[in-house]
Amino acid sequence: MAEAYLFSVLVELEGNPDIPKLKNKLVEYFLSKKSSIGDDCLVEYDISKGQGAVVRFRTAEARQMVLEKQEHKIKLDQGVLKLILRLPSDEVTSAQEILSAVNSGKQSAVVPKDLPESGDGETACPEDSASAATDKTELQSTSAVLGNIQESMNQSFLEMLVENIMNAQTSASPTAFSLEILPDISMAVVTFKNVKDTEYFISNCTSHKIFKQKELSVKLLEITAKVKDESIPPNYSSDHLPLYYEKEGEVVDIEMCEEDQSAIITFQDPHAVHRVTKKHHDEKQPIKAFPCYESLGTALYDKDQPTLKLPAAFTENIDQSIWRYLYDNQEATATINKIMAENFCKVDLQHHTVQLRPLPSLLKQKDVKAKHVQQWKDTVKATFTQALSKFKSLELHVQDCAWEESEKEICKAMSGEAVVVVPDKAKGALIVVGLVDEVDRLSQSLNEIMDKIARIIEREKTSKTEELHLPPSIYHVILQDGLQGKIAGEYPELKMAYNRESQNVILTGLMQQVWGANRKIIDGMSALKRKKVEVSNYVLEFLQEEDQEKLSNSLFTSQSVNAALEIDRNGVELLAVSDLALSEAKSQLEKCLVSKYIDVEDSNVLEMSGWKDLTSRLEKTYNILSRTFMVKTSGVHPNIKVVVAGNTDIVNSVQKELGGFLFQNAPVVEILPIKSNAIVKFIQEKKSAWSNIVKGGVKVSFQDGAICLSGIRVHVSDCLTLFKDLVSSTYFDTLQVPEPGAKKFFQDEEAMYVEAVKIKTACVVQLVDEMHLVNNEQTVQAMEEMVPNEFGNHGGNNLQQHLAISTDTQRAQTKGIFSKITSSSGMHETTMGGVVIQVVTGDITKETTDVIVNSTNKTFNLKTGVSKAILDAAGPTVEAECQQLRKTSDQPMILTEPGNLQSKKILHVVGISDPQNIHECVKDALKICARKDFKSISFPALGTGQGNVQVSQVANAMFDALVEVVGKKSVNTLRLVRIVIFQSAMLTEFYNSMLKKEGRYAQEEEDTDAQEAGTALQYQGSLFKAFDNIGTKIKSIFKRSKGGKPQKHERFVFMDKEVDPACFHICGDSQAKVDEAKQWVKDLILKDQDSSIITDDAIINLTTSDRQRISNMINTMEVRVEQESSKAKLTIEGIPKDVLKVTSEIQKMLQRIRSEEELNRSAELASTMVEWQYQHQGGQYQSFDHIHNFHLEQANETKKQHVEVTIQGQMYKVTLPNGPATDNHGNSLDIRRIDKAAHDSLPQYWDAMPDNSSCQSFPIQPGTSEHDEVLGLFQATCQNTVLKIERIQNPSLWRNIQIKKQEMDSKNRHQNNEKRLFHGTCPQFIDRINANGFNRSFAGKNAAAYGNGTYFAVEASYSADDTYSVPDSQGQKHMYLCHVLIGDFTEGQQDMIVPPAKSKSTTQLYDSVTDDPTAPSMFVVFNDIQAYPAYLITFI
């Protein structure tokens, strides 16, 4: 290769030669004609061998031009490198010598283009060398073929891939190559400068990561002996080409391609390919040759790829009628475009000279050749002609006189057909164009139409015209009767018309046809029926002024009635073809025409300009196209009337407007009722708000409870609206102050207080009288009979001031206080104390009461049941407010805004699951309403959802709460309480509960209560202190049932004294000011109020006489006394001195009751241990009653010698201890004393006790069987640490329970009457329980859900709770393990004081009650001697 580059130049480098890629920069510099004026050359340089280089040029001219340049510089990044050029001193041409002279490098950096190198680095000789060895040199391919090239792989991607593969070479010089993509065969050819690079590339492709990922292939491109000649002149044949290439090599084969003027030429010597492709071609011979490869099936063009151009557009003239069809028919046009687009053609049909243009996609198709472009026009023209052959035009020649008729009939006939009618008057033809099949199908019918028109024209030339006079009304009727159809049916070619001006029928046709039609018209006239119709004078007047034909059309024809009107001075006559049509016409006339009268209150209104303007406007509105009404005036004053006559609908509208005007402009007086004089006074004083607005001469006067307006109605009406708005814009509220003496207190200084409120709040305050009536007649009658002296002239108005009495059950406390219940679909209603109580089925979210109650959870976000419905309907703002209030309050009730609901507030309460809590919840909710001055509230059926409480219990609890709050607080703002039930099945239970409290059932329930009470044992009293003077043997309570019927004790519940309340009406311009005024009045009155609270168990045992005395004090002094149901608590409210006096009297009563209870309890105790008896001479011993028995035993213990007793009403003096008993007459009775406990035995495991000890506790040593047994029972359910266990030894209590057990075993006829149960207690009660046993009077201290008795738990863990086992100061807690006589038991209820009877037919009671008879967790006993505190367990 070096032999081809024989002209050398030595290059010396100035400065540091250590410059990166210097060899590349030298190559670039000397190859550039711009920089160095150089040319094709080789650069030899090795930095390790010195600071010189050798540049070899192909021609001497190139070397000479470089040497002639005066200065050579290479620009670097950090300066300029100067080069000094000179010829070698000896002109050495050998490559080896030159390298030695200049310390040259090992390998050239640039290989001349198209000059391949041998595999060992030796340069092959060029094909154009004169050396004979050149043709003998074996050619080696420097090109590689890449296969499986994807469309996404572009030129830059493939070049970068080749560079990355070649960069792995150790050579510092870049590899030169060229790349050509063959998209048609998904291949690319890479051509390198030498064989070595080609071999390196092919060997390293398969190991390259991306090459493998893209699944490419590579192979060596073969050496070819073929070339492809392009652009062969047309006058060249296969004989010219061998001559043309004679100098380059011998041609062995020529394959001519006339389509694209090319040829494939095969040479004998492959070297000829290189010479041919480098052959210079002049303008006279523009042949271009490219190497052609059989494996590729194409030539390689490198950058000389020939390009094709789109052929020119051309035009075609088509038939104008067919063009019109295509232009109007989008579907046909789309078909043509589709066919032509398949041949890469765009058709422009804007003109009948159609333009055909090639589409760019013609050149984008695969394997497109020049011949395809050349043949495009002929192909498109043939295809377009073929496409047009599917359409056809048919010419129909038309006579000039029949042009319009022909065009009309042909167009009508072709309507809906897939053809187009093109009129061509110049040709005198109608041209029908469409698809060939369509036109052929329609041709026969089209010709028939044309023939028919020709016949018509001929007939018109011989026709006759005749006229017949016929009034429009008659013509209208017979025409509607089918005259035209009848004539057309017989004479289809006859023409008939009507001239309305001359009122003539015009007949045109053949003479015979005209005469026949004339006869039919005359016959139709003769058959018409007539009828006179009576109408009012005003309707007749209206009709006389109207067009009769228009009237007939609007009245009859438009309603499918074949009739007509004939109107003259005498009246109205109807014409019709039948009696039925006459009847229908008469009805239609009466329906559509009417006259109406309007009374005129004041005739002056008719002279007003407004009246004239109104009538003029109505005329313009309704009488535009035709006259539809008229207005007249009739009569004389004072009976003047306005008459409106005409179309019924219009008359009604006009009458409404005219009547409204007359009504609005008449003088009137309007009175606006006002519910309170406070509002009247407030508006009167607020004159600035209305004085300037009242217009039209309206006079305003203020009266009691009303505002009076007088003047013209229209102005009065406006003023009335004004004052209504003023009233509605004011804020009004009532304030009822039930405190005793409040009314009199305010009346004494009323003027001063009213003025003070006005100055402070700008509100008007009025003290008013308000009555509260009791609407239950039976209750009134009963109370009048009980307290006759209290009513007098006051009647029933003061009924609720009196005492209400009930029996000892909670149900009886509330019976008979509801009014008569009224029922309707889905609702039951009653009233109590002025409050309406309703139970309804429905959706609580639709309620409009002031407050809606929502039962939710502790976090106030429950999204199930009623709570979900309420929260969803209220919206997210309510949920957010709930969460905000929850964070700032720990109350079980919160009050929020209503959100999207129609109430004022939503009261959210924590869900409840037992009747007692429901009862308290309803009470608290009602009290909140009273406090906030709400007037209405809606409850759901609390506890019936997730609470699973029985519906009857819920109903009773809710109604009892209503009675307690509403019944006792009769003076409050509540006026409506609704219980909304979602499930209609529950309504019956609530209705039954209401019935129990209705007045008519009071007597029935009293009888039932009396019967039940007569069969029940009544256990009353409280824990008594052990009396010391009984002796050492009597230390506890023993209470057993006695024979006979016990006395029934009554309990009373005081209702509020119905004091004369102070009722205020307050009016202001804002709710805030009204509330401020209310608060000011409340505070003023409440400052003079006082209250006292008495809490004492003895309150429950107040006698009827005691309660009557309290009632008398309530009636004589202005105080209120309240007692909560079944609670030992009284509240006295009123003036301080009266409160003090009543409190003192009640305390005296309670002190007396406590003394009596202590005596009874002591007597009962004594009777269980000792029995004193007396005997008449000759009779049997009889027992003293328990009081005398106690007095005798007490006297005996205190060593008295005598004591007085009463026996059968006679006083006796008893000598102790053995009698006798002697009366004042000397009669004597024998006396004896029986000790009942003398033979009772104590447990053998008890420790010995001192004789003077009645009770003692003994610690149980751990590890003993007794200790282990008690500890095991405790730890079975409770894991607390036990500190000690003590045995409680109380002989008296032990004997009492044993006696009771024997009695219970006998009564119940089984031995399963005793259980060992647990009872938690407080430290301060331990000594008392040890000495005296359990006391049921303390029931309710911790819990009393199942009755007012003593509670015992089955499991120790229950009693271990801090609520029951209260920790002492050291954190220690105490619990008893007890022997409890449970006997026969049943489910308990709140407020029970004795167990219920086992059945209605027996007097025998259950022995105890429990929470769940099937699986008890606790037991309640009501007899103190039914439990013995066996062991005291101390634990932490």
Requested in this report: Begin from the C-alpha positions of Leu442 and Val419 and carry the test side chain to side chain contact (heavy atoms under 4.5 Å, CB included) through to its verdict.
Outcome: CA-CA 9 Å; Leu442 297 171; Val419 294; 3.8 Å; yes

Crowding at [atom1], [X] (>12 non-hydrogen neighbours, <6.0 Å):
{"X": "Glu417", "atom1": "CD", "answer": "yes"}
{"X": "Gln544", "atom1": "CD", "answer": "yes"}
{"X": "Lys532", "atom1": "NZ", "answer": "yes"}
{"X": "Asp440", "atom1": "CG", "answer": "yes"}
{"X": "Tyr327", "atom1": "OH", "answer": "no"}

Report task. If the plane angle is over 60° it's perpendicular, under 30° parallel, otherwise tilted; pick one for Phe661 and Trp611. Result ->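 Tilted: the ring planes of Phe661 and Trp611 meet at 30° to 60°.
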
Query raised in the report: Taking the six-membered ring for Trp, are Tyr498 and Tyr475 parallel (under 30°), tilted (30 to 60°) or perpendicular (over 60°)?
Result: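 The rings of Tyr498 and Tyr475 lie parallel, inter-plane angle below 30°.
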
Query - Salt bridge present between Glu573 and Lys531 (N-O < 4.0 angstrom) - result: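 Here Glu573 does not pair with Lys531 in a salt bridge, since their nearest N and O are not under 4.0 Å apart.
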
Report task. Flag the pair Val654 / Tyr622 as yes when at least one side-chain heavy-atom distance between them is below 4.5 Å, and no otherwise. Result ->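 With C-beta onward as the side chain, the pair touches.
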
Query - Student check: side-chain heavy atoms of Glu490 and Lys520 closer than 4.5 Å - result: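 Counting from C-beta outward, Glu490 and Lys520 do come under 4.5 Å.
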
Query raised in the report: Applying the side chain to side chain donor-acceptor pair (under 3.5 Å) test to Thr628, which of Asn647, Asn623, Thr621 qualifies?
Result: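 Going through the options one by one, the only one that passes is Asn623.
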
Query - Least distance between heavy atoms, Ala873 atom then Asn900 atom - result: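 It is O-CB, 3.1 Å.
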
Report task. Measure from NZ or CZ of Arg627 to the centre of the six-membered ring of Phe542, then state whether that distance is under 6.0 Å and the direction lies within 45° of the axis. Result ->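 Verdict for Phe542: no cation-pi partner in Arg627.
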
Query raised in the report: Would Glu566 and Val572 count as a side chain to side chain contact (heavy atoms under 4.5 Å, CB included) if you check the C-alpha gap in whole Å, the side-chain angles of each, and the deciding distance to 0.1 Å?
Result: CA-CA 6 Å; Glu566 285 190 353; Val572 177; over 6 Å; no

Strictly distance-based, threshold 3.5 Å: is any side-chain N or O of [X] a donor or acceptor partner for the main-chain N or O of [Y]?
{"X": "Ser729", "Y": "Leu726", "result": "yes"}
{"X": "Asp481", "Y": "Val477", "result": "no"}
{"X": "Trp690", "Y": "Ile683", "result": "yes"}

